[in-house]
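Report on one structure; see the data block that follows.
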Amino acid sequence: VNEAARMRTALLFTITGLIVQAFCLYDLTPGTFLVFALVAVPLVAIGLLKFALTVWRVLRETKGL
Amino acid sequence: VQILPTRAIASRPSAAIAMPLVIALVAIAAGFVLYLAAGRLAGSTAGRLALLLGVLFLPLVAVVAGADQAYRESSSTKFCLSCHEMEDYGRSLFVDDRTVLPAVHYQKRLVDRDHACFECHTNYAMFGDLRAKVDGLQHVWVHYTSGPPDSFELYEPYPNANCLHCHDDARGFLEAPAHAGQLEAVVAGETSCMQCHASGHGLDVAAEGEFWLHEP
């Protein structure tokens, strides 16, 4: 259950980042470029990092490493 | 009439945006499905593989594709001139004056018209493009936080290397009588190209409204 919850948190960050990215790319202006670089990319990066940490934690708990 | 040249550039269709946007939308849709099914998927090997694909690889591809598109589009003349601070500089591309360097380069197609600003304002060195992008981000940040300065200046004197990147072995450059005896000093950076070609963007000429208006 914890694993799924962590996955959902990671997904929330990733989806939010991708939605922001989609809006920015639809009409790329200097303003949306800034939002893309400072909001969208970091949100997705946090999501990916959380997912990777979750996988690493699961592998460690199950002695899969 | 004075605003017309800038509009001519701004009205051009932007580069294809479809693919990165489609990838992002697919990644979002997959993300929603995985969010709802995360509880069940986390319990099986196949489910974990699906999560790996949907949470890690697909978003990664979407972000890389998006960053690539943003990188390319932010190098376009249209993008640069979408800031109103750059309108005068955009007009200077159409100035009817042979001493104004940006106008000569643009009108004679010495630079790619769709990337006219970027071709002269990026350093042709390792990470030069990246540095130009970071500087650009800083400019937009300043625009929204403290507002633009009254006048704009380059961070450093315009490097000869940027000119020589194209003109280096060009016959017109090598054989120009005015360049005779100057080439070694120019290549060595001891004499700046701007010492003689000092007109810059010719904003004063642009303000007078003498334009070459061939653009449709």
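Here is how names work: the chains are called A, B, and so on, in the same order as the sequence lines, proteins then strands, and each is numbered from 1.
- Near-neighbour residues of residues 150-163 of chain B relative to chain A, defined by a heavy atom under 4.5 Å from a heavy atom of that chain, are none.
- Looking at B:Ser82, only its side chain comes within 4.5 Å of chain A, counting heavy atoms on both sides.
- Atom OH of A:Tyr26 and atom CG of B:Leu21 lie 8.5 Å apart (nearest 0.5 Å).
- Between B:Gly39 and A:Ala4, the shortest heavy-atom contact is CA-CB, 3.7 Å.
- For residues 58-66 of chain B, a heavy-atom distance under 4.5 Å to chain A picks out B:Pro59, B:Leu60, B:Ala62, B:Val63, B:Gly66, given by residue number.
- Interatomic distance, CD of B:Gln69 versus CG of A:Leu25, reported as 4.5 Å (0.5 Å rounding).
- At a threshold of 4.5 Å between non-hydrogen side-chain atoms, the residues B:Tyr144 and A:Leu34 count as touching.
- The structure places CZ of B:Phe32 at 10.0 Å from CG of A:Leu18, a figure rounded to the nearest 0.5 Å.
- Residue contact with chain A, scored on non-hydrogen atoms closer than 4.5 Å, involves the backbone and the side chain of B:Phe79 alike.
- Between chain A and the options B:Arg48, B:Arg40, B:His143, heavy-atom pairs under 4.5 Å are most frequent for B:Arg48.
- Under the 4.5 Å side-chain criterion, counting only non-hydrogen atoms from C-beta, A:Phe51 is in contact with B:Leu52.
- With rounding to the nearest 0.5 Å, the separation of CG in A:Leu11 from CD1 in B:Ile28 is 12.0 Å.
- B:Ala24 approaches A:Gln21 most closely through the heavy-atom pair CB-NE2, 4.1 Å.
- Summarising the geometry, atom CD belonging to B:Glu73 is positioned 10.5 Å from atom CZ belonging to A:Phe33; distances are rounded to the nearest 0.5 Å.
- Contact annotation for B:Ala67: both backbone and side-chain heavy atoms come within less than 4.5 Å of a heavy atom of chain A.
- Listed by chain and residue number, A:Thr29 satisfy the side chain to side chain donor-acceptor pair (under 3.5 Å) test with A:Thr32 (two or more places apart in sequence, or in another chain).
- Residues satisfying the side chain to side chain contact (heavy atoms under 4.5 Å, CB included) criterion with B:Val33, sequence neighbours excluded, are absent altogether.
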